[in-house]
**Student:** 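The structure is given below, and queries will be raised subsequently.
Small disclaimer: the values here were computed from a predicted structure and weren't measured. This chain uses plain numbering: 1 for the first residue, then up along the sequence.
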Amino acid sequence: MRTLKNAEQLWSVIGSSTHIVIIGHVNPDGDAIGSISAMYHFLKQIGKHATAMVPNRFPDFLSCLNPDGEPVLIYRNDPEACNNIIAEADLIVCLDMSGPGRIDEMADAIIPASARKILIDHHLNPVTEAFDIVISDTEVSSTCELLLSLILDSPAISGDISLVSLECATSVAAGILTDTNNFANSIFPSTLEIFSLLLKRGIDRDYLYNEIFCSYSATRMELMGHLLSEKMTIIQNGTVAFIILDKADKEKFSFRTGDSEGFVNLPLKIREVRMSALLTEDDGFVKVSLRSKGTLDVNSFAREYCNGGGHRNASGGRLYIDISETAAYFTSSIEEYFKKA
Ligand code: 5GP
Ligand code: MN
């Protein structure tokens, strides 16, 4: 689906704005931080200052982005100061989020804000009522890829990648690398074309690969081994695997935000497994991460059983149940889902 509704208005709206806030989704990943950072640097290049903000902390390895930029504000660290910035904004650019439901309590400040609102996103079924301009394209790897194609079409760049700053290009590359899991999924012809342009521009792919995929702590590696050997359950005749990460294990392995990034992909390396889930105990809910192979649709499973959504092969959601009930709930949900299918 391509709804490039009002894409042509994007740069004129940005051109007429002075107090710009750029935001991304809760538990920000490489695509959220990458697209925020890319937008920040591009706006700086065209003479616009912007404030970047996300609802909560993001993994340390993403600090490699935004090298000379201002730090991204964490809403939860100082809601009052962030609310003031949001209230004064005349433009809010929302990146890599399918709607206000993806920014938790920050939505209470964003939705009523008088600023014009732009959504740039690549998720299925975006919730768009709150936005003045919606640029939604699901036929791309990532928001970063979509954003760079928009930037290339902007009057300042006019298709000339050499005019894109290295900071902007590096941030875009980080989002593509993380959302495609180092080119393992969500690859479209445009993805490789855009990445080729980034390489021509001189991004350091080896550096990014090491920062994103080879920067584990020893305890994170140990947690991974523990979860695979002790906490992985395979059900549905060997086709579905789930891993439970509870608070006790988090504590035992000195868990830090981002430490479980990528774990959900591991069971998919088993030949017969077509769907994988990581169920993580959080404060007041269980965070669900879902991945699948081929045509198996985890987006519909996430919507129906996990209060969530996402993409066909990568989705997520939340369960408002105790971690001790999670295995039974997940197993019975899977049985019901596959019976219906
Ligand atoms: P992850 O497993 O990496 O946290 O999330 C994978 C994808 O699932 C995200 O890119 C996002 O599209 C979607 N997703 C994750 N959590 C939620 C959620 O709570 N609600 C919705 N609607 N989508 C989610
Ligand atoms: Mn994304």
**Student:** Without swapping roles, check the side chain of Thr178 against the backbone of Gly175 for a donor-acceptor pair under 3.5 Å.
**Tutor:** yes
**Student:** With a 3.5 Å distance limit and no angle check, can you tell me whether Ser142 reaches the backbone of Glu145 through a side-chain donor-acceptor pair?
**Tutor:** yes
**Student:** Could you tell me which residues satisfy ring pair (Phe, Tyr, Trp, His ring centres under 6.0 Å) with Phe330, sequence neighbours excluded, listed by chain and number?
**Tutor:** Phe242, Phe301
**Student:** What's the shortest heavy-atom distance between Cys168 and Phe42, and which atoms?
**Tutor:** SG-CB, 4.3 Å
**Student:** Looking at every non-hydrogen atom in both residues, tell me the closest pair between Leu65 and Ser171 and how far apart they are.
**Tutor:** CD2-CA, 3.9 Å
**Student:** Taking Gly310's backbone N and O only, do any of them form a donor-acceptor pair with Asn299's side chain (distance below 3.5 Å, no angle check)?
**Tutor:** yes
**Student:** For Phe338, enumerate each residue passing the ring pair (Phe, Tyr, Trp, His ring centres under 6.0 Å) test, keeping only those at least two apart in sequence or located in another chain.
**Tutor:** none
**Student:** Following the transitive rule for hydrophobic clusters with a side-chain heavy-atom cut-off under 4.5 Å over Ile, Leu, Val, Met, Phe, Trp and Tyr, establish whether Tyr329 and Ile234 coincide in one cluster.
**Tutor:** no
**Student:** Asp246: what forms a salt bridge (charged side-chain N to carboxylate O under 4.0 Å, His left out) with it, not counting sequence neighbours?
**Tutor:** Lys231
**Student:** Considering non-hydrogen atoms only, spot the tightest contact between Ser190 and Val140 and give its length.
**Tutor:** OG-CG1, 4.5 Å
**Student:** Taking a hydrophobic cluster as the set of Ile, Leu, Val, Met, Phe, Trp and Tyr residues connected by side-chain heavy atoms closer than 4.5 Å, whether directly or through intermediates, do Ile323 and Leu223 fall within one such cluster?
**Tutor:** no
**Student:** Ignoring hydrogens and geometry beyond distance, is a side-chain donor-acceptor pair present between Ser162 and Asp160 at under 3.5 Å?
**Tutor:** yes
**Student:** Under 3.5 Å, is there a donor-acceptor pair between the side chain of Thr239 and the main chain of Gln236?
**Tutor:** yes
**Student:** What residue pairs, at least two apart or across chains, pass salt bridge (Lys or Arg N to Asp or Glu O under 4.0 Å) with a residue in residues 274-299?
**Tutor:** Lys247-Asp283
**Student:** Test side-chain contact (heavy atoms from CB on, under 4.5 Å) on Val72 and Met53; report intermediate values, then the result.
**Tutor:** CA-CA 5 Å; Val72 179; Met53 197 184 288; 5.6 Å; no
**Student:** Applying salt bridge (charged side-chain N to carboxylate O under 4.0 Å, His left out), name anything that partners Asp206, two or more places apart in sequence or on another chain.
**Tutor:** none
**Student:** Using side-chain contact (heavy atoms from CB on, under 4.5 Å), reason through Leu245 and Leu279 one step at a time and then give a plain yes or no.
**Tutor:** CA-CA 6 Å; Leu245 171 52; Leu279 306 158; over 6 Å; no
**Student:** Can you establish whether the number of heavy atoms outside Lys269 located under 6.0 Å from its atom NZ is more than 12?
**Tutor:** no
**Student:** Is a side-chain N or O of Ser37 found less than 3.5 angstrom from the main chain of Ile33, in a donor-acceptor match?
**Tutor:** no
**Student:** Can you list everything that forms a salt bridge (charged side-chain N to carboxylate O under 4.0 Å, His left out) with Lys44? Sequence neighbours excluded, please.
**Tutor:** none
**Student:** Using side-chain contact (heavy atoms from CB on, under 4.5 Å), reason through Ile243 and Met224 one step at a time and then give a plain yes or no.
**Tutor:** CA-CA 10 Å; Ile243 293 174; Met224 189 164 95; over 6 Å; no
**Student:** Of all residues at least two apart in sequence or in a different chain, which pass the side-chain contact (heavy atoms from CB on, under 4.5 Å) check with Arg220?
**Tutor:** Tyr216, Ser217, Asp259, Glu261, Phe263
**Student:** Mind checking the CG-CD1 spacing from Leu62 to Ile212? Nearest 0.5 Å is all I need.
**Tutor:** 7.0 Å
**Student:** With salt bridge (Lys or Arg N to Asp or Glu O under 4.0 Å) as the rule and sequence neighbours excluded, what pairs involving residues 73-86 come up?
**Tutor:** Arg76-Asp104, Arg76-Glu105
**Student:** Among side-chain atoms of Glu70 and Thr51, is any donor-acceptor pair under 3.5 angstrom?
**Tutor:** no
**Student:** Distance check, rounded to the nearest 0.5 Å: Leu148 atom CG versus Glu193 atom CD?
**Tutor:** 12.0 Å
**Student:** With a 4.5 Å heavy-atom cut-off, do Arg201 and Leu166 have their side chains touching?
**Tutor:** yes
**Student:** Same hydrophobic cluster for Met232 and Phe255, using side-chain heavy-atom links shorter than 4.5 Å among ILVMFWY?
**Tutor:** yes
**Student:** Looking only at non-hydrogen atoms, find the nearest pair between Ala241 and Pro267 and report the distance.
**Tutor:** CB-CB, 3.6 Å
**Student:** Check the pair Ser289 / Thr280 against side-chain contact (heavy atoms from CB on, under 4.5 Å), numbers first and verdict last.
**Tutor:** CA-CA 8 Å; Ser289 246; Thr280 307; over 6 Å; no
**Student:** Considering all heavy atoms of both residues, which atom of Ile85 and which atom of Leu73 are nearest to each other, and what is their separation?
**Tutor:** CD1-CD1, 3.6 Å
**Student:** Have Ser215 and Glu211 got a donor and an acceptor in their side chains that come within less than 3.5 Å?
**Tutor:** no
**Student:** Say whether Phe188 and Leu199 are linked into one hydrophobic cluster, either directly or through other cluster members, by side-chain heavy-atom distances under 4.5 angstrom.
**Tutor:** no
**Student:** For the atom pair CG (Leu266) and CG (Leu278), what is the distance rounded to the nearest 0.5 Å?
**Tutor:** 9.5 Å
**Student:** Are any side-chain N or O atoms of Ser292 and backbone N or O atoms of Leu296, one a donor and one an acceptor, separated by less than 3.5 Å?
**Tutor:** yes
**Student:** Quick one: pull up CG in Leu192 and CG in Leu197 and give me the separation to the nearest 0.5 Å.
**Tutor:** 11.0 Å
**Student:** Counting heavy atoms not belonging to Asn237, are there more than 12 under 6.0 Å from its CG?
**Tutor:** no
**Student:** Give, for atom CD1 of Ile86 and atom CD1 of Ile23, the distance between the pair rounded to the nearest 0.5 Å.
**Tutor:** 7.0 Å
**Student:** State which residues pass ring pair (Phe, Tyr, Trp, His ring centres under 6.0 Å) with His49; sequence neighbours excluded, sorted by chain then number.
**Tutor:** none
**Student:** Going by the rule ring pair (Phe, Tyr, Trp, His ring centres under 6.0 Å), which residues pair with Phe183 if we only count those two or more places apart in sequence or in a different chain?
**Tutor:** Phe195
**Student:** Can you check whether Leu91 reaches His19 side chain to side chain, under 4.5 Å on heavy atoms?
**Tutor:** no
**Student:** Check whether the side chains of Ser35 and Thr143 place a donor and an acceptor atom closer than 3.5 Å, and report yes or no.
**Tutor:** no
**Student:** What residues form a salt bridge (charged side-chain N to carboxylate O under 4.0 Å, His left out) with Lys252, not counting sequence neighbours?
**Tutor:** none
**Student:** Are Val127 and Ile135 connected, step by step, through hydrophobic side chains (Ile, Leu, Val, Met, Phe, Trp, Tyr) whose heavy atoms are closer than 4.5 Å?
**Tutor:** no
**Student:** Are Glu336 and Tyr305 close enough that a side-chain donor and a side-chain acceptor fall under 3.5 Å?
**Tutor:** yes
**Student:** Pair up each side-chain donor or acceptor in residues 115-122 with any protein partner under 3.5 Å, not counting sequence neighbours, and list the distances.
**Tutor:**
| residue | atom | partner | partner atom | Å |
| --- | --- | --- | --- | --- |
| Arg116 | NH2 | Ser16 | OG | 3.1 |
| Lys117 | NZ | Ile111 | O | 3.3 |
| Lys117 | NZ | Ala113 | O | 2.8 |
| Lys117 | NZ | Ala115 | O | 3.4 |
| Asp121 | OD1 | Met97 | N | 3.1 |
| Asp121 | OD1 | His123 | ND1 | 2.6 |
| Asp121 | OD2 | His123 | N | 3.0 |
| Asp121 | OD2 | His123 | ND1 | 3.3 |
| His122 | NE2 | Asp31 | OD2 | 3.3 |
| His122 | NE2 | Asp96 | OD1 | 3.2 |
| His122 | NE2 | Asp179 | OD2 | 3.2 |

**Student:** So does Glu325 get a backbone contact from the side chain of Asp322, meaning a donor-acceptor N/O pair under 3.5 Å?
**Tutor:** no
**Student:** Could you measure the distance from the CG atom of Asp90 to the OG atom of Ser114? Nearest 0.5 Å is fine.
**Tutor:** 8.5 Å
**Student:** What are the two closest heavy atoms between Ser165 and Gln45, and how far apart are they?
**Tutor:** N-OE1, 3.7 Å
